[in-house]
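Step one of this worksheet: look at the structure below.
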Amino acid sequence: MIDEINTIPDILKKESPVDESILSLRPRSLTEYIGQDKVVETLKIAIEAALKRLEPLEHILFNSPPGLGKTTLAHIIAHEMGTKIITSSGPALEKGGDLMGLLTHMERGDIFFIDEIHRIPKVVEEFLYPAMEDFAVDFIFDKGVHARTHRYRLERFTLIGATTRAGLLSSPLRERFGITRDLDFYSEQDLVRIVKRSASILNIDIDDEGSYEMAKRARGTPRVANRLLKRVRDFAQVRAGGYITRQVAVDALELEGIDECGLGEVDRKFLRAIIINYKGGPVGIDAIAATLQLESDVLIEVVEPYLLKAGFIVRTSQGRKSTERALEHLKIPPVGKSDTQPLF
Ligand code: ADE
């Protein structure tokens, strides 16, 4: 389970709830939000329309790799609708009763945010169907021939689900969302704007080249950009007079093991495993996971998406294959010309 393991590269881990300085970097409104222009436009329209009709929003599903803004958008939506947000996650909702407790305390228009909704247990998911569709939950008393049900009416709430694996959602659940959007990796230009905005909030001087260098190494991911910025800020304040230039960013990030394409040690091990241990692939994800002694889920949800997006690997029906770009990046000669030994 992704939330139980401690093998996720540090840079991609969720911030702990006490990491206030990262939280303070989150935009609070859609006008402050940088990137995901089409999604933001859809949300602005849906929110304005719902407010005009004095109605709660439809249920919304966000799908993307980690760190691209699903939770941030849920908080912004609650803020813009002027409602409360109650947050939970798929693995935390173990029994129908856990869900009932939350739903029955919800007020009209409240946002119920479920992170990692694809990990919700089946029994809990079945409680969600009538809750989402009819704003009611059926409570069952007794068992067998004595079983009786009582239908509790709920206030009209909005469920916002976040997932890194929309494909794992059952179709009845997926179909109950009125708005479903995939969030994509951010462009370098958007990440430059995010880095500059965060630097100004954190009160650290940075020039254009410094911002660009950080954006380039942020794996298309604002959460990564903000994490890197905090490391580079420390470095700049201790070693470089508190000013982030390109060279300061390069030196600080090299120290962190982040290369010029934003790949870290786990990414490079992943690529080397395919190239060297499996001769470039195709190879199944479970074999790579066993070689690296990491969970397949982490590789699928956290590591692979950016490597695919950036063209370091491709996915075929037989498995993952490395690309020429990966060989060039790692400076490994093409197959046949290599005498490189397997990693493990
Ligand atoms: N910080 C993290 N994500 C952001 C975004 N999309 N826009 C502005 N600041 C951010």
Side-chain angles (χ1 to χ4, degrees), residues 8-47 60-81 85 87 111 113 115-116 160-164 179-208 210-234 244 249 253 256 258 262 264 301-302 305-306 309:
I8 303 177
D10 253 8
I11 200 71
L12 289 165
K13 267 189 208 157
K14 290 205 158 188
E15 69 272 12
S16 71
V18 289
D19 196 346
E20 288 296 329
S21 56
I22 284 269
L23 283 184
S24 71
L25 300 179
R26 281 190 178 158
R28 302 234 154 83
S29 67
L30 285 175
T31 40
E32 269 182 79
Y33 197 93
I34 296 162
Q36 311 292 346
D37 297 351
K38 281 195 171 155
V39 176
V40 167
E41 191 60 14
T42 303
L43 294 174
K44 278 185 179 162
I45 292 169
I47 290 170
I60 303 172
L61 179 67
F62 291 127
N63 174 48
S64 78
L68 298 187
K70 300 181 292 296
T71 307
T72 302
L73 284 173
H75 282 268
I76 290 178
I77 291 168
H79 176 78
E80 304 246 345
M81 290 295 294
I85 179 164
T87 67
I111 304 288
F113 177 65
D115 200 5
E116 295 192 68
I160 302 184
T163 180
T164 46
I179 301 174
T180 297
R181 287 293 177 276
D182 292 340
L183 306 183
D184 204 351
F185 287 107
Y186 291 61
S187 66
E188 276 172 9
Q189 294 98 294
D190 285 338
L191 286 167
V192 165
R193 291 172 61 207
I194 290 171
V195 167
K196 287 184 174 175
R197 174 182 178 275
S198 299
S200 123
I201 296 170
L202 293 176
N203 218 356
I204 177 87
D205 288 328
I206 186 165
D207 67 12
D208 287 349
S211 314
Y212 177 68
E213 194 58 41
M214 305 213 29
K216 217 172 60 153
R217 297 182 186 226
R219 300 173 121 259
T221 308
R223 182 185 296 154
V224 174
N226 285 335
R227 279 268 167 73
L228 296 182
L229 180 62
K230 292 181 73 195
R231 296 286 65 73
V232 178
R233 174 178 71 157
D234 287 353
I244 304 176
L253 295 177
E256 291 288 309
I258 309 293
E301 293 168 25
V302 183
Y306 185 70
K309 164 83 182 177

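We count ligands from 1, going down the list as the structure has it; atoms in each ligand are counted the same way. Predicted model, so just to flag it, every value in this text is computed and none were measured.
- For Tyr212, the side-chain contact (heavy atoms from CB on, under 4.5 Å) partners two or more places apart in sequence, or in a different chain, are Glu188, Val192, Lys216.
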For this session: Could you please spell out the steps behind the side chain to side chain contact (heavy atoms under 4.5 Å, CB included) verdict for Thr180 and Asn63?
Result: CA-CA 8 Å; Thr180 297; Asn63 174 48; 5.8 Å; no
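- Residues passing the side-chain contact (heavy atoms from CB on, under 4.5 Å) test with Ser200: none are found, sequence neighbours excluded.
- We find the OG-CG distance between Ser198 and Leu228 to be 11.0 Å, quoted to the nearest 0.5 Å.
- Of all heavy-atom pairs spanning Ala225 and Val195, the tightest one is CB-CG2, 4.0 Å.
- Within 4.0 Å of ligand 1, protein heavy atoms come from Leu25, Pro27, Glu32, Tyr33, Ile34, Tyr186, Ile194, Arg197, Pro222, Asn226.
- Applying the side chain to side chain donor-acceptor pair (under 3.5 Å) criterion to Thr87, with sequence neighbours excluded, gives no partner residue.
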